[in-house]
Amino acid sequence: MKLASWNVNSVRARQERLCAWLAERQPDVLCLQETKVTDDDFPFTELARRGYVAVAHGQRTYNGVAILAREAPSEVQRGLEDGVDDPQHRLIAARVGGVRVASVYVPNGGEVDSDKYAYKLAWLARLRAWVERTARPDEPLVLAGDFNVAPRPCDVAYPEAWESSVLFHPTARAALEPLFAWGLADVLADKTPEGGVYSWWDYRQLAFPRGDGLRIDLVLATAPVASRCTRAWVDRDARKGKLPSDHAPVIIELS
DNA sequence: ATGGTTGCTTAGCAA
């Protein structure tokens, strides 16, 4: 089983690229973030033609998440369902092939000490509560998505330069800890303890050719899934060429 | 401190 996660930065702008990538990599499951379309405008038909059933939790202009799979996802949950009045659509979960899969888009946070950053930290606390409420560490669960946080210094090409950023601030990293402590493993990190693997490069200032990347797209899994992982990698090729997403897909393979 | 780029929406925001 091959499971992937990709922040496509608009599913409409990336539709051609997405379809070509699906044909090339043929994942069994793909979690999408930043689809930026309402479910009415989501390209269900085009994806079905290519062999994928999609479930989506989208909104206009911003955010939006989806799960694509070769077999229809079941037991679909949209949002954190914690009673908080939050219009931002950042999580969808479903059962796919015996694994509970969540596509997660953690808030970016803007600038440290801003309202957006407070929302980011609060959202991560709500995500932890959602995990604790809806799953157990001994059950197969995957959280895949754009966490907008690089967990380790070796996940950042220039850690000193990024330390004050919302993507690598100590308080943002600390907000991930409870997820790890609960029983989620950072699958790709465990396969690459030396680091140097990145999934996002800013569009500006030639960040990609300069190698100024961060690993902020994560696949977190409970032990029953993580123990089956034979390979985990970032498909950097998907960041190349004309008009790419600013993120590259993360892929894990399970025995 | 600012601006660099892309996407959505059409001036300005979010990333």
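In this text, all values refer to a predicted model and were calculated from it rather than measured experimentally. A, B, ... follow the sequence lines: proteins, then strands. Residue 1 opens every chain.
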Exercise for review: Using the closest heavy atom to pick a nucleotide of DNA chain B for each, name whichever of A:D146 or A:P244 lands nearer the 5' end.
Suggested key: A:P244

Review point. Roughly how far apart, to the nearest Å, are B:dA1 and B:dT6 at atom C1'?
Key: 23 Å

Review point. Looking only at atom types and distance, does a side-chain atom of A:R100 sit under 3.5 Å from a main-chain N or O of A:V142, one as donor and one as acceptor?
Key: no

Point to revise | B:dG7 and B:dT2, which share atom name P, separated by this distance in whole Å | key: 26 Å

Review point. Distance between the C1' atoms of B:dT9 and B:dA14, in whole angstroms?
Key: 12 Å

Exercise for review: Extract, from 5' to 3' on DNA chain B, the first and final nucleotides lying under 4.0 angstrom from some heavy atom of chain A.
Suggested key: B:dG3 to B:dA15

Review point. Is the cationic atom of A:R17 (NZ for Lys, CZ for Arg) positioned less than 6.0 Å from the six-membered ring centroid of A:W21 and within 45 degrees of its normal?
Key: no

Practice item. Assess the side chains of A:Q33 and A:S103: does a donor N or O sit below 3.5 Å from an acceptor N or O? Key: yes

For residues 165-180 of chain A, which side-chain N or O atoms pair as donor and acceptor with protein atoms under 3.5 Å away, sequence neighbours left out?
unit_1, atom_1, unit_2, atom_2, d
A:S165, OG, A:L167, N, 2.9
A:H169, ND1, A:T171, N, 3.1
A:H169, ND1, A:T171, OG1, 2.7
A:T171, OG1, A:Y117, OH, 2.6
A:R173, NE, A:F168, O, 3.2
A:R173, NH2, A:E163, OE2, 2.6
A:R173, NH2, A:F168, O, 3.3

Review point. Contact class for A:Y105 vs. all strands (heavy atom < 4.0 Å): base, sugar-phosphate, or nothing?
Key: sugar-phosphate

Exercise for review: Under 4.0 Å between any heavy atoms, over every strand shown, what does A:L243 touch: base, sugar-phosphate, or nothing? Just pick one.
Suggested key: sugar-phosphate

Side-chain donor-acceptor pairs under 3.5 Å in residues 40-49 of chain A, sequence neighbours left out?
none

**Study point:** First encountered from the 5' end of DNA chain B, between A:H247 and A:Q205
**Key:** A:Q205

Exercise for review: Without swapping roles, check the side chain of A:Q59 against the backbone of A:H89 for a donor-acceptor pair under 3.5 Å.
Suggested key: yes

